[in-house]
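Scope of the values below: all heavy atoms of this structure, side chains included, with no hydrogens, waters or symmetry mates. FYI, the numbering just counts along the sequence from 1.
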Amino acid sequence: MDLPPRPLDLQPRLRPRGPARPDAVALVLHGGREFGREPATARQGPALRMVPFAMHLLSAGRRHGLAVWSLGYRYRGWNGDEASPVPDARWALEVIRKAHPDVPIVLVGHSMGARTSLRVADDPQVAGVAALAPWVPRDEPVGQLAGRRVLVMHGTEDGTTPYRASVRYADRARPVATSLAFVTVPGEGHAMLRRPGLWHRRTTGFVLNVLTDAGPGRSLSAS
C-alpha cells in the first residue's frame with residue numbers, strides 16, 4: 001500500500017498523571033489503524049477509550065505511589081514495516097527514564113497499542129505488559145518478553161483483532177515470559193464496552209501485582 005508523505009512537524013505526546021515522584025509508572029498506549037499517516041489526536045476514539053483505564057489505575061494506585069502516563073502517537077496507523085508507534089513508545093520510555101530513573105514501568109495497551117507495548121517490552125525498566133485485545137499477526141515476535149510478566153485479555157466476539165490470534169500468540173510467548181496470564185472475556189467485542197468493569201479491574205490488578213515484585217521495598221497490591 002502506498003502511503004502519503006509523512007507530515008514533518010508531528011511529535012508524540014505524553015500526559016503524566018499522579019505523583020511527581022512516583023514509586024512506579026503505568027504507561028498507557030491507545031489503539032489505531034493498520035495504515036494511516038493522519039495525525040493521532042487525544043479526541044479520537046482509540047485515545048478516549050483508554051481514558052477510563054488511566055483513571056482507574058490512577059485511583060487504585062494513588063496510595064501506592066503509582067503515576068500514570070498516557071502516550072499519544074504521531075500517526076494513527078502502524079504503517080507496515082515502518083511500525084510508526086514503536087519509536088513513539090521508545091521515546092516515551094526514554095522520557096520516563098530521564099524523569100524517574102530505576103522506577104519500574106508496566107505497559108498497558110489496547111489493539112495497536114497492545115502490539116506496540118509487546119514490541120517494546122525489552123526496555124530495561126519495563127516489568128510487565130497488559131495487552132488488551134491485541135493485534136498480533138502470526139509472525140509477531142515474542143523473544144523480547146523474556147523476564148517480563150504478561151497479561152493478555154481478549155473478547156470472544158472481537159471482529160477487529162481475532163481472538164484466536166491472541167491465543168496463538170500467548171501459546172508462543174508463554175515459554176519465554178516470566179509469567180503469562182490469558183483472560184477470555186466471553187461475548188465481548190473489540191471496544192471493551194460490554195463488561196468495562198472487568199477489563200478495568202483485571203488490568204489494574206495485574207499492574208499493581210507486577211509492581212509488587214518489581215523491586216525491593218515495594219508494597220504495591222491489587223485493590
Side-chain angles (χ1 to χ4, degrees), residues 10-20 22-33 36 38-78 84-86 88-89 91-93 95-96 99-100 103 105-118 120 126 128-135 151-155 158-161 183 185 188-211 220 222-223:
L10 294 181
Q11 299 293 329
R13 306 171 313 282
L14 269 177
R15 178 175 180 179
R17 300 179 176 94
D23 293 319
V25 174
L27 176 61
V28 177
L29 297 90
H30 62 77
R33 297 176 175 175
E38 64 272 27
T41 74
R43 295 187 177 184
Q44 291 162 351
L48 293 173
R49 189 169 292 130
M50 297 308 290
V51 171
F53 285 89
M55 300 313 294
H56 196 274
L57 284 162
L58 189 64
S59 176
R62 182 176 292 114
R63 63 192 176 94
H64 305 298
L66 178 67
V68 181
W69 293 50
S70 297
L71 172 64
Y73 316 123
R74 294 165 298 154
Y75 310 115
R76 296 191 75 176
W78 180 269
S84 296
V86 171
D88 295 348
W91 167 82
L93 289 166
V95 171
I96 296 171
H100 309 298
V103 165
I105 301 169
V106 177
L107 306 173
V108 178
H110 173 244
S111 190
M112 185 181 79
R115 185 180 185 184
T116 303
S117 298
L118 293 163
V120 303
V126 170
V129 180
L132 313 177
W135 171 32
L151 168 68
V152 179
M153 289 187 72
H154 215 129
D158 192 328
T160 302
T161 56
V183 177
V185 188
E188 182 63 276
H190 191 65
M192 309 178 294
L193 295 176
R194 296 174 187 169
R195 301 182 68 185
L198 174 63
W199 290 90
H200 299 157
R201 288 192 304 273
R202 292 301 295 262
T203 301
T204 296
F206 169 79
V207 169
L208 297 182
N209 283 329
V210 168
L211 296 173
L220 296 171
S223 301

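- Annotation for A24 and L211: closest pair CB-CD1, 3.4 Å, computed over non-hydrogen atoms.
- The line from CH2 of W135 to CZ of R115 is 4.5 Å long, rounded to the nearest 0.5 Å.
- At least one donor-acceptor pair closer than 3.5 Å links the side chain of Y73 to the backbone N or O of H30.
- Of all heavy-atom pairs spanning V129 and V126, the tightest one is CG2-CG1, 4.4 Å.
- Formation of a donor-acceptor pair under 3.5 Å by the R13 side chain with backbone atoms of A40 is found in this model.
- Between H110 and F53, a ring centre-to-centre spacing not shorter than 6.0 Å is recorded.
- In this structure a side-chain-to-backbone donor-acceptor pair under 3.5 Å is present from H200 to P196.
- No option in R195, R202, H154 other than R195 meets the side chain to side chain contact (heavy atoms under 4.5 Å, CB included) test with V185.
- V68 pairs with exactly one of L57, V25, V207 by the side chain to side chain contact (heavy atoms under 4.5 Å, CB included) rule, that one being L57.
- Atom CG in L132 sits 8.5 Å away from atom OG in S117 (nearest 0.5 Å).
- In this structure, the separation between CH2 on W69 and CG on L14 is 6.0 Å, given to the nearest 0.5 Å.
- The two residues G61 and L208 come nearest to each other via the heavy atoms CA-CD2, 4.3 Å.
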(message) Before you tell me yes or no, could you show the steps for E188 and W199 under side chain to side chain donor-acceptor pair (under 3.5 Å), namely the whole-Å CA-CA distance, both residues' side-chain angles and the distance that decides it to 0.1 Å?
(response) CA-CA 10 Å; E188 182 63 276; W199 290 90; 2.9 Å; yes
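- Here the CG-CG distance, from L107 to L93, works out to 6.0 Å after rounding to the nearest 0.5 Å.
- Between the OG atom in S84 and the CZ atom in R33 there is a gap of 13.5 Å [rounded to 0.5 Å].
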(request) Kindly indicate, with the supporting measurements, whether the criterion side chain to side chain contact (heavy atoms under 4.5 Å, CB included) is fulfilled by V108 and F206. (result) CA-CA 10 Å; V108 178; F206 169 79; over 6 Å; no
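- Closest approach of V103 and P22 over heavy atoms only: CG2-O, 3.7 Å.
- A distance of 8.5 Å separates CG in L71 from CD1 in I96, rounded to the nearest 0.5 Å.
- The backbone N or O of P39 lies less than 3.5 Å from no partner atom in the side chain of R74, so there is not a single donor-acceptor pair.
- Just one of M192, M153, H56 meets the side chain to side chain contact (heavy atoms under 4.5 Å, CB included) condition when paired with T203; it is M153.
- Here the side chain of T161 pairs a donor or acceptor atom with the backbone of A133 at under 3.5 angstrom.
- Taking all atoms of both residues into account, the shortest heavy-atom contact from A47 to T41 is CB-O, 3.7 Å.
- Within the 4.5 Å cutoff, side-chain heavy atoms of T116 are placed close to those of W78.
- Donor-acceptor pairing under 3.5 Å is recorded for the side chains of R17 and S70.
- Nearest heavy atom pair, residue A26 against residue L66, reads N-CD1, 3.7 Å.
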